[in-house]
There are 2 protein chains.
Amino acid sequence: MSPEHLKIPQATAKRLPLYYRFLKNLHSSGKQRVSSAELSEAVKVDSATIRRDFSYFGALGKKGYGYNVNYLLSFFRKTLDQDELTKVALIGVGNLGTAFLNYNFLKNNNTIIELAFDVDESKVGTRICDVPVYHMDELEEQLNQRDISVAILTVPSHVAQTITDYLVKSNVKGILNFTPARLTVPAAIRVHHIDLSIELQSLIYFLKHYPSSDIQAITD
Amino acid sequence: MSPEHLKIPQATAKRLPLYYRFLKNLHSSGKQRVSSAELSEAVKVDSATIRRDFSYFGALGKKGYGYNVNYLLSFFRKTLDQDELTKVALIGVGNLGTAFLNYNFLKNNNTIIELAFDVDESKVGTRICDVPVYHMDELEEQLNQRDISVAILTVPSHVAQTITDYLVKSNVKGILNFTPARLTVPAAIRVHHIDLSIELQSLIYFLKHYPSSDIQAITD
DNA sequence: ATGCTTATGTGAAGGATGAAACAAAGTCAT
DNA sequence: ATGACTTTGTTTCATCCTTCACATAAGCAT
């Protein structure tokens with residue numbers, strides 16, 4: 001059985017896009033080879049962890065040499081499905097939603113917000129950064145028609161669950177949830193929470209309760 | 001030694017603001033008591049994990065009864081320093097930065113963006129949602145004067161490291177980094193990364209490579 | 001060719017986290 | 001008061017993740 005078919009640890013999977021992004025940088029700057037130590041310095045991940053992560057995919061490097069940037073890059077391109085464009089929908093064109101529509105970082109990575117939804121009639125029918133805004137009533141129809149199964153949720157939290165139920169009904173498989181609501185979904189649906197207010201609060205908690213010496217022990 | 005002085009696991013610390021928020025909801029709806037099972041349903045954290053989390057702070061509940069909402073709430077208020085307002089600075093008034101200035105979720109939690117910085121002269125001197133925008137040149141002076149040690153970083157990634165160096169020089173201790181850059185900071189400085197593009201990419205990776213049955217095993 | 005240097009891939013150990021399970025201790029109805 | 005019921009706090013186990021440490025193998029200079 002080839003290594004690619006084994007299940008990758010979740011922690012590793014979360015680092016793959018990070019590696020990929022940095023490898024692209026290396027490539028554009030014309031670098032031919034890279035060691036796990038160099039990579040470690042750049043992405044702030046222990047070099048042993050990097051080698052371990054890579055090893056799940058087989059022996060990608062050469063002892064005494066390191067990794068060939070081109071080879072690694074093309075390998076990750078395949079692994080991360082960067083050849084095909086993944087289309088996602090954005091639900092809720094408020095401040096945060098609009099920021100994402102404007103933000104260019106989504107365009108880099110073969111991921112694109114293809115359409116957005118809102119209930120505000122003044123937004124419906126317009127285009128924001130070339131992304132068309134539809135009314136929520138058209139959610140199921142549009143998502144099915146365009147075969148979109150990933151949604152970014154940036155709606156007010158009190159409607160988050162209701163809209164999530166619509167999303168589930170519309171065959172969405174993954175939700176990037178920026179609302180503070182903890183969503184109830186069937187087990188087959190994957191939800192990633194990004195709770196901005198909790199991130200800020202927990203950062204503050206760590207600062208107040210964990211002395212610098214401890215942080216050294218953790219991050220160094 | 002009282003339990004409050006023991007070090008709390010990082011995973012637990014990250015859940016505390018979540019518990020706190022839900023307890024506030026319970027309180028406003030007039031509920032007097034709550035069990036770990038109820039809490040579990042609401043915040044989607046295993047009830048045993050919740051009891052374990054609470055137990056780091058001592059015996060907060062009563063067997064056969066559960067937890068007193070008021071007591072728990074006031075305990076967490078103290079623990080999370082919710083009595084004092086934590087002031088933070090926002091660096092970079094672009095799309096995302098503006099969204100945060102508009103977003104109300106920061107006002108809830110005794111955390112406030114007190115001022116913002118940018119280099120764009122058309123923004124400097126204005127107020128966005130009542131938050132004054134200063135020029136980057138005034139960073140050190142303003143932060144020291146106002147005794148601010150936490151910053152939200154929403155600048156273009158190519159200037160992220162340079163600005164981070166300024167922040168460190170200005171005695172900032174914690175940075176919430178929304179740029180894709182991996183920042184180099186002294187060990188005593190704490191950085192939390194929120195990398196939106198990586199979150200989206202890893203969500204997509206999980207959807208494509210982890211069958212629903214596995215997700216069931218993980219999240220159910 | 002030779003030997004020194006470099007850097008991988010991985011076994012093993014150590015930590016951290018999550019969840020099952022249950023004794024202990026309280027509640028609550030009668 | 002009593003006994004059935006509830007729910008905690010904790011012990012225990014399992015899993016996942018990270019890091020050390022090093023044998024192994026390849027580069028590289030002479």
Side-chain angles (χ1 to χ4, degrees), chain A residues 2-4 6-16 18-19 23 26 31-69 71-72 75 187 202 206 210 214-220, chain B residues 3-4 6-16 18-19 23 26 31-69 71-72 75 202 206 210 214-220:
Chain A
S2 78
E4 296 103 74
L6 293 170
K7 279 291 160 295
I8 306 300
Q10 303 223 358
T12 297
K14 282 203 172 176
R15 284 188 291 265
L16 296 183
L18 185 62
Y19 298 147
L23 287 169
L26 278 185
K31 214 153 185 305
Q32 296 291 318
R33 60 183 268 194
V34 66
S35 69
S36 60
E38 282 175 278
L39 234 69
S40 171
E41 169 61 23
V43 300
K44 313 291 180 198
V45 172
D46 187 275
S47 68
T49 301
I50 292 178
R51 292 197 299 280
R52 168 84 57 198
D53 284 346
F54 287 2
S55 78
Y56 289 115
F57 299 99
L60 300 178
K62 268 191 219 161
K63 303 191 181 199
Y65 176 88
Y67 301 89
N68 179 293
V69 172
Y71 178 74
L72 214 51
F75 181 85
S202 75
F206 281 121
Y210 289 65
D214 287 18
I215 297 175
Q216 272 180 330
I218 293 162
T219 62
D220 232 7
Chain B
E4 296 103 74
L6 294 170
K7 280 292 159 295
I8 307 300
Q10 303 223 359
T12 297
K14 283 203 172 177
R15 283 187 291 265
L16 296 183
L18 186 62
Y19 298 147
L23 286 169
L26 278 185
K31 215 151 183 307
Q32 296 291 319
R33 59 184 269 192
V34 66
S35 68
S36 60
E38 282 176 279
L39 234 71
S40 171
E41 169 60 23
V43 300
K44 313 289 179 198
V45 172
D46 186 275
S47 68
T49 300
I50 292 177
R51 292 196 299 279
R52 163 68 56 111
D53 284 346
F54 287 2
S55 78
Y56 289 115
F57 299 99
L60 301 178
K62 269 191 219 161
K63 303 190 181 200
Y65 176 88
Y67 300 90
N68 179 292
V69 172
Y71 178 73
L72 214 51
F75 181 84
S202 75
F206 281 121
Y210 289 65
D214 286 19
I215 296 176
Q216 272 180 330
I218 293 163
T219 61
D220 231 7

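These numbers come from a predicted model, not from an experiment. Order of the sequence lines sets the chain letters (A, B, ...), proteins ahead of strands, with each chain counted from 1.
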Trainee: Could you report the tightest heavy-atom contact between B/Val69 and B/Leu23, atom names first, then the distance?
Mentor: CG1-O, 4.1 Å
Trainee: Can you tell me how far the CG atom of A/Asp53 sits from the CG atom of A/Leu16, to the nearest 0.5 Å?
Mentor: 7.0 Å
Trainee: Calculate the interatomic distance between A/Asp53 atom CG and D/dT19 atom C1'; express it in whole Å.
Mentor: 12 Å
Trainee: In Å and rounded to the nearest 0.5 Å, what is the CZ to OG1 distance from A/Arg15 to A/Thr49?
Mentor: 5.5 Å
Trainee: Looking only at heavy atoms, which two atoms of B/Ser36 and B/Ser47 are closest? And how far apart?
Mentor: O-CB, 3.7 Å
Trainee: Which residue lies toward the 5' end of DNA chain D, A/Thr49 or B/Ser35, if each is placed at its nearest nucleotide?
Mentor: B/Ser35
Trainee: Measure the distance from CZ on B/Phe54 to P on D/dT7 and round it to the nearest whole Å.
Mentor: 15 Å
Trainee: Over all heavy atoms of both residues, which pair between A/Tyr65 and A/Gln32 is shortest? Give the atoms and the distance, please.
Mentor: OH-O, 4.4 Å
Trainee: I want to check one thing: is the phosphate of C/dT8, taken as OP1 and OP2, less than 4.0 Å away from some side-chain N or O of A/Ser36?
Mentor: yes
Trainee: Hey, does B/Tyr67 reach any base, or is it just sugar-phosphate, or nothing, if we go heavy atoms under 4.0 Å?
Mentor: sugar-phosphate
Trainee: Grab the NZ-C1' distance between A/Lys14 and D/dC16 for me, whole Å please.
Mentor: 14 Å
Trainee: Set out, line by line, the N/O atom pairs under 3.5 Å between protein and nucleotides 26-30 of chain D.
Mentor:
{"residue": "D/dA26", "atom": "O4'", "partner": "A/Lys63", "partner atom": "O", "Å": "3.2"}
{"residue": "D/dC28", "atom": "OP1", "partner": "A/Arg33", "partner atom": "NH1", "Å": "3.2"}

Trainee: Rounded to whole Å, how long is the line connecting atom CG of A/Asp46 with atom C1' of C/dG15?
Mentor: 14 Å
Trainee: Could you state the CD-C1' distance from B/Gln10 to D/dC17, rounded to the nearest angstrom?
Mentor: 14 Å
Trainee: Can you give me the closest heavy-atom contact between A/Arg51 and A/Tyr67, atom names plus distance?
Mentor: CG-OH, 3.7 Å
Trainee: Over all heavy atoms of both residues, which pair between B/Arg33 and B/Glu38 is shortest? Give the atoms and the distance, please.
Mentor: O-OE1, 4.3 Å
Trainee: Find the distance A/Glu38:CD to C/dT6:P and express it as a whole number of Å.
Mentor: 13 Å
Trainee: If I take atom CZ from residue A/Phe54 and atom CG from residue A/Leu72, how far apart are they, to the nearest 0.5 angstrom?
Mentor: 4.5 Å
Trainee: Shortest non-hydrogen contact from A/Val34 to A/Leu39?
Mentor: CG2-CD1, 3.3 Å
Trainee: What's the CG-P distance between B/Leu39 and D/dT7, to the nearest Å?
Mentor: 13 Å
Trainee: Within this structure, what is the CD1-to-P distance between B/Ile50 and C/dA20, rounded to whole angstrom?
Mentor: 13 Å
Trainee: Could you pull out the protein-nucleic contacts involving nucleotides 10-14 of chain C (nitrogen or oxygen on both sides, under 3.5 Å)?
Mentor:
{"residue": "C/dG11", "atom": "O6", "partner": "A/Arg52", "partner atom": "NH2", "Å": "2.5"}
{"residue": "C/dA12", "atom": "N6", "partner": "A/Arg52", "partner atom": "NH2", "Å": "3.1"}

